Amino acid sequence: MSQWIGTANQQYAPYAMEELRRLLEGAGFTQLAPGEVFLMNSPLGREETLQTIHRNEPIFLRHVQPVDRTIEIEGNASDLERLSDMVRHAVLTFEYKRTAVHVRRTSKTAFVYSAADTKAVLDAVLEEIDAEPVVQDPEVIIAIYAADKELYIGFGTPRDMLSDWPGGSVRFQREEGQISRAKFKLLEAERTFGLQYAKHQQALDIGAAPGGWTSLLLERGLRVTAVDPAELHPSLFAYPTLTYLKSNASDAKLKDDTYDLLVCDMSWSPMQMCRLILDLESALKKGATAIITVKLMHRKPLQTIRDVVSRLSTEFVLQKAKQLFHNREEITLHLTKK
Ligand SMILES: C[S@@+](CC[C@H](N)C(=O)[O-])C[C@H]1O[C@@H](n2cnc3c(N)ncnc32)[C@H](O)[C@@H]1O
């Protein structure tokens, strides 16, 4: 038996639980923040549960933390003292390690301290026991979830937790003049799928306007063909490496065997999107990377994803399907061209 806290994007926890239920027969669930965060009792031990989750990573599970300790919240300073003692007692887990403290709170929690104050107190304890408190690139994470009446605490690596951000909430700095928030999706996809866009040469961006994704790829030094009947942001035309086809993707004339990266963020009916992508597959090189968002239009997202992947499987191999933190009513696919 082992206990876990799972987190999904708002409204998507039921699907994460459905995926986990299929993986871990007999698992039990309690909601902690409706639609988003839940407690899971796994019938398997910690290592077996982790292996099972990693072998078949659920699309809608954004973050998972083990529950190693539970502290009943008293609502006063003794809560911080008990957290501090807990870290002191686990000295061997943290000694000489780059350690991050991640604190999340439900809106109704009886825990009176902010995430920042709790982290400051525990960072001081970490220094006391010769651990190195860090924010970025930790080796170990102390994840604390302040539920209504309990603190759930777990220790693990970023890999264990599927993310090195608290609750998997990836934050990127908004840049001055940034064309669209959509850019964050493509940045997050690069990290999540372990890609380096700069290693590609020729990108095809379908449904490119206003141009957040195109701007990122141009900044990374790629030649980009952006296809969209809508207007691209004027700032992009400063790049001589941009080709703009102002048309519907189904009318675009593309050279065969040209692109080693396809990105598509059309926000369209999934099946129409599949047809469009399959119609232009000859423009892609063998082994090309594809990053595609799939809009979840109706109530059965898992079925929609299965249908899309099966439809695309004639020409593409699925590497990973994931709902990213920056995805709203959609998920992102990472595929490679056969
Ligand atoms: C969500 S926006 C894309 C945002 C973009 N990724 C960015 O970073 O700025 C969707 C775009 O898809 C375009 N689109 C929809 N259907 C299309 C089609 N058949 N061919 C080309 N573009 C299409 C729309 O005009 C719209 O500009």
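Just so you know, these numbers come straight off a predicted model, no measurement behind them. One-based numbering, in listed order, for ligands and for the atoms of each.
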How far is atom 20 (N) of ligand 1 from the closest protein heavy atom, and which atom is that? Ala249 N, 2.9 Å
Polar contact flag, side-chain donor to acceptor under 3.5 angstrom, Trp213-Ser215: no
Please confirm whether Thr293 approaches ligand 1 to less than 4.0 Å, judged on its heavy atoms. no
Any N or O of Ile206 that comes nearer than 3.5 Å to an N or O of ligand 1? no
Can you tell me which residue and heavy atom of the protein come closest to atom 17 (C) of ligand 1, and the distance to 0.1 Å? Met266 SD, 3.7 Å
Indicate if Ile5 and Leu50 have the same hydrophobic cluster label, given that clusters are the connected sets of ILVMFWY residues with side-chain heavy-atom separations under 4.5 angstrom. no
Would you say ligand 1 has an N or O under 3.5 Å from any N or O of Pro229? no
Exam field: side chain Ser313 to backbone Ser310, donor-acceptor pair closer than 3.5 Å: yes
Could you say whether the N/O atoms of Ser247 and ligand 1 ever approach to under 3.5 Å? no
Determine, using heavy atoms of Asp228 and all atoms of ligand 1, whether some pair is separated by less than 4.0 Å. yes
For Ser180, the ligand 1 atoms with a heavy-atom partner under 4.0 Å come out as 7 (C), 8 (O), 9 (O)
Those atoms of ligand 1 less than 4.0 Å from some heavy atom in Ala182: 7 (C), 8 (O)
Quick one: look at Leu276 and ligand 1, take heavy-atom pairs under 4.0 Å, and tell me if it's side chain, backbone, both or neither. side chain
Any heavy atom of Ala208 under 4.0 Å from ligand 1? The part involved is backbone
Do Phe184 and Phe325 have their ring centres less than 6.0 Å from each other? no
Could you establish whether Asn248 and ligand 1 come within less than 4.0 Å of each other, counting only heavy atoms on the residue side? yes
Identity and distance of the protein heavy atom lying nearest atom 10 (C) of ligand 1: Asp265 O, 3.3 Å
Say whether Glu132 and Thr99, considering side chains only, have a donor N or O and an acceptor N or O under 3.5 Å apart. no
Can you confirm if the aromatic rings of Tyr145 and His102 lie within a centre distance of less than 6.0 Å? no
Donor-acceptor contact present, side-chain Arg69 to main-chain Met86, <3.5 Å: no
I need the His334 NE2 to Thr192 OG1 distance, nearest 0.5 Å. 11.0 Å
Return a yes/no value for Trp213: is any of its N or O atoms, backbone included, closer than 3.5 angstrom to an N or O of ligand 1? yes
Asp260 side chain vs Gln201 backbone, donor-acceptor pair below 3.5 Å: yes
Atoms of ligand 1 less than 4.0 Å from Gly211 heavy atoms? 7 (C), 9 (O)
Ligand 1 versus Pro210: contacting region, heavy-atom distance under 4.0 Å: both
Euclidean distance, Thr214 OG1 relative to Glu219 CD, rounded to 0.5 Å: 10.5 Å
Side chain Glu150, main chain Tyr152, donor-acceptor under 3.5 Å: no
Could an N or O of ligand 1 be found under 3.5 Å from any N or O of Ala209, whether backbone or side chain? yes
Would you say the ring centers of Phe111 and Tyr113 fall short of 6.0 Å from each other? yes
Which heavy atom of the protein is the closest neighbour of atom 7 (C) of ligand 1, given with residue, atom name and distance? Gly212 N, 3.3 Å
Identify the closest protein heavy atom to atom 12 (O) of ligand 1: which residue and atom is it, and at what distance? Gly207 CA, 3.3 Å
